[in-house]
Protein chains: 2
Amino acid sequence: MTPMKEDYLKIIFELGGSHKKVSNKEISLGLGIAAGSVTEMISKLADEGLVVHEPYAGISLTAKGQKYAAELVRKHRLWETFLVDKLNYNFADVHSEAEILEHQTSDRLATALDDYLQHPKHCPHGGVIPSANGKFPDVSHRLLADAEDGEEVELERFLDNHELLTYLEELQLRPSETVKVIRHEPFEGPIVIEKDGSDKKINVSYKAAHNIFIK
Amino acid sequence: MTPMKEDYLKIIFELGGSHKKVSNKEISLGLGIAAGSVTEMISKLADEGLVVHEPYAGISLTAKGQKYAAELVRKHRLWETFLVDKLNYNFADVHSEAEILEHQTSDRLATALDDYLQHPKHCPHGGVIPSANGKFPDVSHRLLADAEDGEEVELERFLDNHELLTYLEELQLRPSETVKVIRHEPFEGPIVIEKDGSDKKINVSYKAAHNIFIK
DNA sequence: CGAAAAAGTTAGGCAATCCAAACTACTCGG
DNA sequence: CCGAGTAGTTTGGATTGCCTAACTTTTTCG
(Lines give C-alpha, C1' and ligand atoms only; values in the text may rest on other atoms or scores of the structure.)
Protein backbone atom coordinates (compact mmCIF):
# COMPACT_ATOMS: atom_id res chain seq x y z
CA MET A 1 0.00 0.00 0.00
CA THR A 2 1.54 3.24 -1.14
CA PRO A 3 0.73 6.69 0.23
CA MET A 4 -1.01 7.60 -3.00
CA LYS A 5 -3.28 4.59 -2.84
CA GLU A 6 -4.06 5.56 0.72
CA ASP A 7 -4.99 9.04 -0.42
CA TYR A 8 -7.37 7.59 -2.96
CA LEU A 9 -9.02 5.41 -0.33
CA LYS A 10 -9.33 8.21 2.12
CA ILE A 11 -10.91 10.64 -0.29
CA ILE A 12 -13.38 8.02 -1.47
CA PHE A 13 -14.23 7.46 2.18
CA GLU A 14 -14.62 11.17 2.80
CA LEU A 15 -16.80 11.56 -0.25
CA GLY A 16 -19.15 8.95 1.16
CA GLY A 17 -17.85 5.85 -0.59
CA SER A 18 -18.91 3.66 2.34
CA HIS A 19 -22.58 4.12 1.60
CA LYS A 20 -22.85 5.41 -1.93
CA LYS A 21 -21.08 5.56 -5.24
CA VAL A 22 -18.53 8.25 -5.80
CA SER A 23 -17.71 9.62 -9.23
CA ASN A 24 -14.36 9.70 -10.94
CA LYS A 25 -14.68 13.45 -11.21
CA GLU A 26 -15.10 14.01 -7.50
CA ILE A 27 -11.93 12.07 -6.82
CA SER A 28 -10.10 13.81 -9.60
CA LEU A 29 -11.05 17.22 -8.22
CA GLY A 30 -10.47 16.22 -4.63
CA LEU A 31 -6.94 15.00 -5.24
CA GLY A 32 -6.08 17.36 -8.07
CA ILE A 33 -5.17 14.46 -10.34
CA ALA A 34 -6.19 14.02 -13.97
CA ALA A 35 -9.27 11.90 -14.57
CA GLY A 36 -7.34 9.37 -16.62
CA SER A 37 -4.93 8.75 -13.80
CA VAL A 38 -7.83 8.24 -11.44
CA THR A 39 -9.37 5.56 -13.63
CA GLU A 40 -6.04 3.80 -13.76
CA MET A 41 -5.51 3.85 -10.01
CA ILE A 42 -9.07 2.84 -9.27
CA SER A 43 -8.67 -0.27 -11.34
CA LYS A 44 -5.62 -1.18 -9.27
CA LEU A 45 -7.50 -0.65 -6.05
CA ALA A 46 -10.33 -2.75 -7.46
CA ASP A 47 -7.85 -5.55 -8.24
CA GLU A 48 -6.78 -5.43 -4.61
CA GLY A 49 -10.36 -5.75 -3.44
CA LEU A 50 -10.49 -2.35 -1.80
CA VAL A 51 -13.05 -0.71 -4.01
CA VAL A 52 -15.78 -1.77 -6.40
CA HIS A 53 -15.77 -0.10 -9.74
CA GLU A 54 -18.52 -0.36 -12.30
CA PRO A 55 -17.35 1.48 -15.38
CA TYR A 56 -19.25 4.71 -15.97
CA ALA A 57 -21.34 4.10 -12.86
CA GLY A 58 -19.15 5.01 -9.92
CA ILE A 59 -16.80 3.76 -7.26
CA SER A 60 -17.48 2.57 -3.75
CA LEU A 61 -15.49 1.00 -0.94
CA THR A 62 -15.56 -2.67 -0.05
CA ALA A 63 -15.67 -3.59 3.63
CA LYS A 64 -11.93 -4.06 3.45
CA GLY A 65 -11.38 -0.68 1.84
CA GLN A 66 -13.65 0.93 4.37
CA LYS A 67 -11.73 -0.51 7.27
CA TYR A 68 -8.45 0.60 5.79
CA ALA A 69 -9.75 4.11 5.21
CA ALA A 70 -11.12 4.34 8.75
CA GLU A 71 -7.71 3.40 10.09
CA LEU A 72 -6.17 6.22 8.13
CA VAL A 73 -8.74 8.67 9.42
CA ARG A 74 -7.99 7.39 12.91
CA LYS A 75 -4.28 8.05 12.50
CA HIS A 76 -4.91 11.41 10.96
CA ARG A 77 -7.14 12.54 13.80
CA LEU A 78 -4.88 11.18 16.50
CA TRP A 79 -2.05 13.26 15.08
CA GLU A 80 -4.26 16.32 14.93
CA THR A 81 -5.19 15.83 18.55
CA PHE A 82 -1.56 15.41 19.51
CA LEU A 83 -0.51 18.55 17.67
CA VAL A 84 -3.18 20.66 19.33
CA ASP A 85 -3.18 19.16 22.81
CA LYS A 86 0.52 18.60 23.26
CA LEU A 87 2.41 20.75 20.81
CA ASN A 88 0.10 23.76 21.07
CA TYR A 89 -0.70 24.05 17.41
CA ASN A 90 -3.85 25.96 16.70
CA PHE A 91 -6.56 23.81 15.24
CA ALA A 92 -6.53 25.44 11.84
CA ASP A 93 -2.93 24.43 11.23
CA VAL A 94 -2.87 20.75 12.01
CA HIS A 95 -4.49 19.29 8.96
CA SER A 96 -1.56 19.38 6.58
CA GLU A 97 0.94 18.00 9.09
CA ALA A 98 -1.42 15.17 10.00
CA GLU A 99 -2.06 14.46 6.35
CA ILE A 100 1.58 13.59 5.92
CA LEU A 101 2.20 11.80 9.19
CA GLU A 102 -0.81 9.52 8.88
CA HIS A 103 0.80 7.60 6.04
CA GLN A 104 3.86 6.77 8.10
CA THR A 105 2.14 5.66 11.24
CA SER A 106 2.40 2.02 12.22
CA ASP A 107 -0.44 0.43 14.12
CA ARG A 108 1.82 0.20 17.10
CA LEU A 109 2.54 3.89 16.99
CA ALA A 110 -1.14 4.73 16.61
CA THR A 111 -1.91 2.64 19.68
CA ALA A 112 0.84 4.27 21.71
CA LEU A 113 -0.31 7.71 20.67
CA ASP A 114 -3.90 6.87 21.52
CA ASP A 115 -2.84 5.73 25.00
CA TYR A 116 -0.72 8.79 25.50
CA LEU A 117 -3.59 11.07 24.54
CA GLN A 118 -5.87 9.08 26.84
CA HIS A 119 -8.14 7.76 24.15
CA PRO A 120 -9.63 10.93 22.78
CA LYS A 121 -13.06 10.52 21.19
CA HIS A 122 -12.82 13.51 18.88
CA CYS A 123 -10.21 15.38 16.93
CA PRO A 124 -9.77 19.14 17.40
CA HIS A 125 -12.40 20.09 14.87
CA GLY A 126 -14.92 17.63 16.22
CA GLY A 127 -14.55 14.60 13.97
CA VAL A 128 -15.00 11.23 15.61
CA ILE A 129 -11.82 9.21 15.94
CA PRO A 130 -12.53 5.69 14.67
CA SER A 131 -11.50 2.86 16.97
CA ALA A 132 -8.49 0.69 16.23
CA ASN A 133 -10.61 -1.92 14.48
CA GLY A 134 -11.96 0.62 12.02
CA LYS A 135 -15.36 1.10 13.60
CA PHE A 136 -16.84 4.54 13.89
CA PRO A 137 -20.27 5.76 14.90
CA ASP A 138 -22.60 7.68 12.65
CA VAL A 139 -22.24 11.39 12.84
CA SER A 140 -24.71 14.19 12.61
CA HIS A 141 -25.32 15.73 9.20
CA ARG A 142 -27.44 18.59 10.46
CA LEU A 143 -26.01 22.00 9.59
CA LEU A 144 -25.86 25.06 11.77
CA ALA A 145 -27.39 26.82 8.81
CA ASP A 146 -30.50 24.66 9.23
CA ALA A 147 -31.07 25.31 12.95
CA GLU A 148 -34.21 27.22 13.91
CA ASP A 149 -34.08 30.69 15.36
CA GLY A 150 -34.19 30.51 19.15
CA GLU A 151 -32.86 26.96 19.21
CA GLU A 152 -29.95 25.96 21.46
CA VAL A 153 -27.58 23.63 19.69
CA GLU A 154 -24.23 22.02 20.33
CA LEU A 155 -21.53 22.50 17.71
CA GLU A 156 -20.36 19.04 16.80
CA ARG A 157 -17.93 19.22 13.97
CA PHE A 158 -16.28 21.61 11.50
CA LEU A 159 -15.20 20.63 8.02
CA ASP A 160 -11.44 20.22 7.86
CA ASN A 161 -10.64 23.21 5.71
CA HIS A 162 -7.90 25.62 6.60
CA GLU A 163 -9.70 28.79 5.66
CA LEU A 164 -12.86 27.82 7.50
CA LEU A 165 -10.99 26.83 10.64
CA THR A 166 -8.97 30.02 10.68
CA TYR A 167 -12.22 31.96 10.45
CA LEU A 168 -13.81 29.97 13.26
CA GLU A 169 -10.73 30.36 15.39
CA GLU A 170 -11.08 34.12 15.03
CA LEU A 171 -14.72 33.86 16.04
CA GLN A 172 -13.56 31.77 19.01
CA LEU A 173 -15.87 28.93 18.22
CA ARG A 174 -14.91 25.37 19.11
CA PRO A 175 -16.55 21.98 18.76
CA SER A 176 -18.76 20.88 21.66
CA GLU A 177 -19.69 24.44 22.54
CA THR A 178 -23.35 25.14 23.02
CA VAL A 179 -24.72 28.16 21.21
CA LYS A 180 -28.09 29.79 20.83
CA VAL A 181 -29.26 30.69 17.35
CA ILE A 182 -30.67 34.21 17.38
CA ARG A 183 -31.64 34.76 13.76
CA HIS A 184 -30.83 34.15 10.12
CA GLU A 185 -30.12 37.31 8.21
CA PRO A 186 -31.81 37.30 4.77
CA PHE A 187 -30.18 36.95 1.36
CA GLU A 188 -27.56 34.46 2.46
CA GLY A 189 -26.53 36.77 5.26
CA PRO A 190 -24.86 35.54 8.43
CA ILE A 191 -26.43 33.38 11.09
CA VAL A 192 -26.34 35.31 14.36
CA ILE A 193 -25.59 33.23 17.43
CA GLU A 194 -24.68 33.66 21.08
CA LYS A 195 -22.31 31.48 22.99
CA ASP A 196 -23.74 29.77 26.03
CA GLY A 197 -23.67 32.07 29.06
CA SER A 198 -22.74 35.15 27.09
CA ASP A 199 -24.92 37.65 25.29
CA LYS A 200 -22.30 38.71 22.84
CA LYS A 201 -23.60 38.25 19.33
CA ILE A 202 -21.48 36.38 16.83
CA ASN A 203 -22.08 36.53 13.10
CA VAL A 204 -21.31 33.29 11.34
CA SER A 205 -21.25 33.68 7.59
CA TYR A 206 -23.81 31.82 5.54
CA LYS A 207 -21.14 29.74 3.90
CA ALA A 208 -19.41 28.84 7.15
CA ALA A 209 -22.73 27.87 8.69
CA HIS A 210 -23.03 25.29 5.92
CA ASN A 211 -19.74 23.76 6.99
CA ILE A 212 -20.58 23.40 10.67
CA PHE A 213 -22.45 20.35 11.88
CA ILE A 214 -24.60 20.43 14.99
CA LYS A 215 -26.14 17.87 17.30
CA MET B 1 13.93 16.54 -1.98
CA THR B 2 12.59 13.00 -1.88
CA PRO B 3 12.87 10.60 1.07
CA MET B 4 15.35 8.49 -0.86
CA LYS B 5 17.63 11.43 -1.52
CA GLU B 6 17.42 12.23 2.15
CA ASP B 7 18.44 8.69 2.99
CA TYR B 8 21.47 9.05 0.77
CA LEU B 9 22.47 12.29 2.43
CA LYS B 10 22.01 10.86 5.86
CA ILE B 11 24.06 7.77 5.27
CA ILE B 12 26.86 9.78 3.70
CA PHE B 13 26.79 11.96 6.79
CA GLU B 14 26.83 8.95 9.09
CA LEU B 15 29.72 7.44 7.16
CA GLY B 16 31.73 10.59 7.78
CA GLY B 17 31.05 12.47 4.56
CA SER B 18 31.41 15.79 6.38
CA HIS B 19 35.10 15.34 6.86
CA LYS B 20 36.23 12.66 4.47
CA LYS B 21 35.36 10.93 1.25
CA VAL B 22 32.94 8.07 1.36
CA SER B 23 32.96 5.26 -1.18
CA ASN B 24 30.16 4.18 -3.43
CA LYS B 25 30.38 0.74 -1.90
CA GLU B 26 29.79 1.93 1.64
CA ILE B 27 26.65 3.71 0.56
CA SER B 28 25.52 0.77 -1.48
CA LEU B 29 25.94 -1.59 1.47
CA GLY B 30 24.49 0.85 3.95
CA LEU B 31 21.29 1.39 2.01
CA GLY B 32 21.10 -2.03 0.41
CA ILE B 33 20.94 -0.51 -3.05
CA ALA B 34 22.89 -1.66 -6.11
CA ALA B 35 26.11 0.19 -6.81
CA GLY B 36 24.89 1.35 -10.20
CA SER B 37 21.85 2.97 -8.68
CA VAL B 38 24.06 4.71 -6.15
CA THR B 39 26.22 6.26 -8.85
CA GLU B 40 23.10 7.51 -10.57
CA MET B 41 21.63 9.08 -7.46
CA ILE B 42 24.92 10.60 -6.41
CA SER B 43 25.17 12.43 -9.68
CA LYS B 44 21.73 13.92 -9.08
CA LEU B 45 22.71 15.02 -5.60
CA ALA B 46 25.89 16.50 -7.06
CA ASP B 47 23.76 18.45 -9.58
CA GLU B 48 21.82 19.87 -6.67
CA GLY B 49 25.01 20.96 -4.94
CA LEU B 50 24.58 18.67 -1.96
CA VAL B 51 27.57 16.41 -2.51
CA VAL B 52 30.85 16.52 -4.35
CA HIS B 53 31.61 13.52 -6.49
CA GLU B 54 34.94 12.83 -8.11
CA PRO B 55 34.50 9.73 -10.23
CA TYR B 56 36.36 6.73 -8.83
CA ALA B 57 37.60 8.81 -5.91
CA GLY B 58 34.71 9.16 -3.52
CA ILE B 59 31.82 11.29 -2.36
CA SER B 60 31.64 13.97 0.30
CA LEU B 61 29.06 16.45 1.52
CA THR B 62 29.06 20.12 0.66
CA ALA B 63 28.26 22.58 3.45
CA LYS B 64 24.72 22.63 2.17
CA GLY B 65 24.46 18.85 2.15
CA GLN B 66 25.93 18.69 5.61
CA LYS B 67 23.42 21.11 7.01
CA TYR B 68 20.57 19.22 5.41
CA ALA B 69 21.82 15.91 6.78
CA ALA B 70 22.23 17.33 10.27
CA GLU B 71 18.63 18.52 10.18
CA LEU B 72 17.52 15.03 9.32
CA VAL B 73 19.55 13.57 12.15
CA ARG B 74 18.02 16.17 14.43
CA LYS B 75 14.50 15.18 13.42
CA HIS B 76 15.32 11.52 13.72
CA ARG B 77 16.67 11.90 17.23
CA LEU B 78 13.87 14.15 18.38
CA TRP B 79 11.40 11.50 17.35
CA GLU B 80 13.38 8.83 19.11
CA THR B 81 13.39 10.90 22.26
CA PHE B 82 9.67 11.47 21.97
CA LEU B 83 8.94 7.79 21.49
CA VAL B 84 10.97 6.77 24.52
CA ASP B 85 10.17 9.63 26.88
CA LYS B 86 6.52 10.11 26.07
CA LEU B 87 5.19 7.01 24.41
CA ASN B 88 7.17 4.55 26.52
CA TYR B 89 8.85 2.75 23.69
CA ASN B 90 11.97 0.92 24.73
CA PHE B 91 15.09 2.35 23.23
CA ALA B 92 15.82 -0.61 20.98
CA ASP B 93 12.53 -0.16 19.13
CA VAL B 94 12.52 3.47 18.18
CA HIS B 95 14.95 3.55 15.31
CA SER B 96 12.71 2.26 12.56
CA GLU B 97 9.74 4.43 13.49
CA ALA B 98 11.95 7.51 13.65
CA GLU B 99 13.54 6.60 10.35
CA ILE B 100 10.18 6.96 8.67
CA LEU B 101 8.86 9.96 10.56
CA GLU B 102 11.97 12.06 10.06
CA HIS B 103 11.25 12.43 6.36
CA GLN B 104 7.82 13.88 7.00
CA THR B 105 8.75 16.37 9.65
CA SER B 106 8.48 20.05 8.83
CA ASP B 107 10.83 22.49 10.50
CA ARG B 108 7.91 23.86 12.40
CA LEU B 109 7.01 20.44 13.73
CA ALA B 110 10.61 19.77 14.73
CA THR B 111 10.71 23.02 16.64
CA ALA B 112 7.44 22.28 18.40
CA LEU B 113 8.62 18.80 19.29
CA ASP B 114 11.91 20.14 20.58
CA ASP B 115 10.07 22.62 22.81
CA TYR B 116 7.72 19.95 24.04
CA LEU B 117 10.60 17.67 24.94
CA GLN B 118 12.32 20.61 26.63
CA HIS B 119 15.29 20.76 24.30
CA PRO B 120 16.90 17.40 24.89
CA LYS B 121 20.63 17.26 24.23
CA HIS B 122 20.82 13.55 23.47
CA CYS B 123 18.69 10.87 21.94
CA PRO B 124 17.92 7.68 23.88
CA HIS B 125 21.04 5.86 22.78
CA GLY B 126 23.27 8.83 23.50
CA GLY B 127 23.68 10.55 20.14
CA VAL B 128 23.89 14.32 20.20
CA ILE B 129 20.84 16.09 18.80
CA PRO B 130 22.07 18.75 16.36
CA SER B 131 20.63 22.22 16.85
CA ALA B 132 18.05 23.67 14.50
CA ASN B 133 20.69 25.41 12.41
CA GLY B 134 22.47 22.13 11.71
CA LYS B 135 25.31 22.60 14.16
CA PHE B 136 26.47 19.74 16.29
CA PRO B 137 29.47 19.25 18.56
CA ASP B 138 32.17 16.68 18.04
CA VAL B 139 31.55 13.39 19.71
CA SER B 140 33.84 10.89 21.33
CA HIS B 141 35.18 8.07 19.20
CA ARG B 142 36.75 6.13 22.05
CA LEU B 143 35.39 2.62 22.40
CA LEU B 144 34.52 0.79 25.56
CA ALA B 145 36.65 -2.00 24.15
CA ASP B 146 39.67 0.30 24.34
CA ALA B 147 39.28 1.34 27.99
CA GLU B 148 41.96 0.22 30.41
CA ASP B 149 41.29 -2.31 33.14
CA GLY B 150 40.45 -0.49 36.36
CA GLU B 151 39.36 2.66 34.57
CA GLU B 152 36.06 4.35 35.37
CA VAL B 153 34.33 5.59 32.27
CA GLU B 154 31.01 7.12 31.29
CA LEU B 155 29.03 5.40 28.56
CA GLU B 156 28.33 8.06 26.00
CA ARG B 157 26.65 6.57 22.98
CA PHE B 158 25.56 3.25 21.48
CA LEU B 159 25.41 2.57 17.77
CA ASP B 160 21.84 2.63 16.53
CA ASN B 161 21.44 -1.02 15.75
CA HIS B 162 18.42 -2.95 16.88
CA GLU B 163 20.21 -6.12 17.87
CA LEU B 164 22.86 -4.27 19.84
CA LEU B 165 20.33 -2.12 21.65
CA THR B 166 18.18 -5.07 22.59
CA TYR B 167 21.25 -6.75 24.02
CA LEU B 168 22.21 -3.65 26.00
CA GLU B 169 18.67 -3.26 27.24
CA GLU B 170 18.90 -6.79 28.63
CA LEU B 171 22.18 -5.92 30.30
CA GLN B 172 20.46 -2.81 31.70
CA LEU B 173 23.05 -0.47 30.34
CA ARG B 174 22.12 3.05 29.35
CA PRO B 175 23.96 6.05 27.99
CA SER B 176 25.44 8.41 30.62
CA GLU B 177 25.92 5.64 33.15
CA THR B 178 29.32 5.41 34.75
CA VAL B 179 30.92 1.99 34.81
CA LYS B 180 34.18 0.54 36.00
CA VAL B 181 36.12 -1.69 33.66
CA ILE B 182 37.29 -4.78 35.56
CA ARG B 183 39.08 -6.78 32.89
CA HIS B 184 39.23 -7.84 29.26
CA GLU B 185 38.83 -11.58 28.77
CA PRO B 186 41.28 -12.96 26.21
CA PHE B 187 40.57 -14.21 22.68
CA GLU B 188 37.91 -11.62 21.92
CA GLY B 189 36.09 -12.56 25.09
CA PRO B 190 33.78 -10.17 26.93
CA ILE B 191 34.78 -6.99 28.69
CA VAL B 192 33.77 -7.34 32.34
CA ILE B 193 32.40 -4.17 33.92
CA GLU B 194 30.60 -3.03 37.04
CA LYS B 195 27.97 -0.36 37.21
CA ASP B 196 28.71 2.56 39.46
CA GLY B 197 27.79 1.78 43.05
CA SER B 198 27.18 -1.90 42.45
CA ASP B 199 29.58 -4.80 42.49
CA LYS B 200 27.57 -6.96 40.18
CA LYS B 201 29.73 -7.99 37.23
CA ILE B 202 28.38 -7.48 33.75
CA ASN B 203 29.88 -9.20 30.72
CA VAL B 204 29.76 -7.08 27.61
CA SER B 205 30.61 -9.06 24.50
CA TYR B 206 33.70 -8.12 22.55
CA LYS B 207 31.65 -7.09 19.56
CA ALA B 208 29.21 -4.98 21.59
CA ALA B 209 32.11 -3.26 23.32
CA HIS B 210 33.22 -2.09 19.89
CA ASN B 211 29.88 -0.44 19.35
CA ILE B 212 29.81 1.51 22.60
CA PHE B 213 31.49 4.90 22.82
CA ILE B 214 32.79 6.28 26.07
CA LYS B 215 33.88 9.65 27.38
C1' DC C 1 55.41 -5.12 -13.53
C1' DG C 2 51.12 -6.81 -14.96
C1' DA C 3 47.03 -9.58 -14.48
C1' DA C 4 43.25 -10.77 -11.47
C1' DA C 5 40.17 -8.85 -8.20
C1' DA C 6 37.63 -5.11 -6.51
C1' DA C 7 35.31 -0.93 -7.07
C1' DG C 8 32.90 2.28 -9.93
C1' DT C 9 30.30 3.71 -14.07
C1' DT C 10 27.28 3.14 -18.01
C1' DA C 11 23.50 1.16 -20.53
C1' DG C 12 19.17 -1.06 -21.12
C1' DG C 13 14.98 -2.40 -18.62
C1' DC C 14 11.12 -2.43 -15.42
C1' DA C 15 7.43 -0.67 -12.28
C1' DA C 16 4.73 2.98 -10.40
C1' DT C 17 2.31 7.04 -11.21
C1' DC C 18 1.51 11.10 -13.43
C1' DC C 19 -0.33 13.84 -17.69
C1' DA C 20 -2.50 15.08 -22.17
C1' DA C 21 -5.10 13.80 -25.84
C1' DA C 22 -8.04 10.75 -28.27
C1' DC C 23 -11.84 8.03 -27.97
C1' DT C 24 -16.39 6.17 -25.93
C1' DA C 25 -20.54 6.28 -23.24
C1' DC C 26 -24.01 8.47 -20.89
C1' DT C 27 -27.60 12.33 -20.32
C1' DC C 28 -30.38 16.20 -21.01
C1' DG C 29 -32.74 19.74 -23.57
C1' DG C 30 -35.19 20.97 -27.56
C1' DC D 1 -35.26 10.78 -29.73
C1' DC D 2 -31.07 12.73 -31.21
C1' DG D 3 -27.07 15.56 -30.90
C1' DA D 4 -24.15 18.40 -27.99
C1' DG D 5 -21.93 18.51 -23.90
C1' DT D 6 -20.18 16.16 -19.95
C1' DA D 7 -18.13 12.28 -17.75
C1' DG D 8 -15.29 8.29 -18.06
C1' DT D 9 -11.81 5.32 -20.27
C1' DT D 10 -7.85 4.23 -23.09
C1' DT D 11 -3.50 5.13 -25.01
C1' DG D 12 1.06 6.87 -25.43
C1' DG D 13 4.64 9.26 -23.30
C1' DA D 14 7.34 11.31 -19.25
C1' DT D 15 9.73 10.83 -14.77
C1' DT D 16 11.78 8.66 -10.79
C1' DG D 17 14.37 5.31 -8.90
C1' DC D 18 15.47 0.62 -8.78
C1' DC D 19 17.98 -3.63 -11.00
C1' DT D 20 21.24 -6.50 -13.80
C1' DA D 21 24.83 -6.89 -16.86
C1' DA D 22 28.56 -5.11 -19.34
C1' DC D 23 32.30 -2.22 -19.38
C1' DT D 24 36.15 0.76 -17.26
C1' DT D 25 39.25 2.21 -13.78
C1' DT D 26 41.90 1.39 -9.72
C1' DT D 27 44.12 -1.50 -6.49
C1' DT D 28 46.54 -5.38 -4.96
C1' DC D 29 49.83 -8.84 -4.88
C1' DG D 30 52.75 -12.69 -6.79
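Below, read A as the first sequence line, B as the second, and so on, with proteins coming before strands; counting in each chain starts at 1.
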Applying ring pair (Phe, Tyr, Trp, His ring centres under 6.0 Å) to B:H103 and not counting sequence neighbours gives none
At under 4.0 Å, does any side-chain N or O of B:H53 touch on OP1 or OP2 of C:dG8? no
Strictly below 4.0 Å: does A:T2 bring a side-chain N or O up to OP1 or OP2 of C:dA16? no
Sequence neighbours left out, cut at 3.5 Å: what donor-acceptor pairs do the side chains of residues 28-42 of chain B make with other protein atoms?
residue: B:S28; atom: OG; partner: B:I33; partner atom: O; Å: 2.7
residue: B:T39; atom: OG1; partner: B:N24; partner atom: ND2; Å: 3.0
residue: B:T39; atom: OG1; partner: B:A35; partner atom: O; Å: 3.3

Would you kindly give the [atom1]-to-[atom2] distance between [X] and [N], to the nearest whole Å?
X     : N      : atom1 : atom2 : answer
B:I42 : C:dG8  : CD1   : C1'   : 12 Å
B:K5  : D:dT15 : NZ    : C1'   : 11 Å
B:D7  : D:dT16 : CG    : P     : 18 Å
A:E54 : D:dT9  : CD    : C1'   : 15 Å
A:Y56 : C:dT27 : OH    : P     : 12 Å
A:M41 : D:dT10 : CE    : C1'   : 17 Å
A:K44 : D:dT9  : NZ    : P     : 15 Å

For B:E185, the side chain to side chain donor-acceptor pair (under 3.5 Å) test, sequence neighbours excluded, returns B:R183
Residue pairs passing the ring pair (Phe, Tyr, Trp, His ring centres under 6.0 Å) test with at least one member in residues 5-27 of chain B, sequence neighbours excluded, are B:F13-B:F136
What does the list of N/O pairs under 3.5 Å between the protein and nucleotides 1-5 of chain D look like, with a distance for each?
none

Between B:Y89 and B:E80, a side-chain donor and acceptor under 3.5 Å
no
Under 3.5 Å, which donor-acceptor pairs link side chains of residues 126-135 of chain B to any protein atom two or more places apart or in another chain?
residue: B:S131; atom: OG; partner: B:N133; partner atom: OD1; Å: 2.8
residue: B:S131; atom: OG; partner: B:K135; partner atom: O; Å: 3.4
residue: B:N133; atom: OD1; partner: B:K135; partner atom: N; Å: 3.0

Across all chains, not counting sequence neighbours, the side-chain contact (heavy atoms from CB on, under 4.5 Å) partners of A:A145 are A:L143, A:A209, A:H210
Per ring-ring contact (aromatic ring centres under 6.0 Å, His included), A:H95 is matched among A:H162, A:H125, A:H76 by A:H76
Numerically ordered, the residues 8-40 of chain A set in heavy-atom contact under 4.0 Å with DNA chain D is A:S23, A:N24, A:K25, A:A35, A:G36, A:T39
Applied to residues 118-134 of chain B, the salt bridge (charged side-chain N to carboxylate O under 4.0 Å, His left out) test, sequence neighbours excluded, yields none
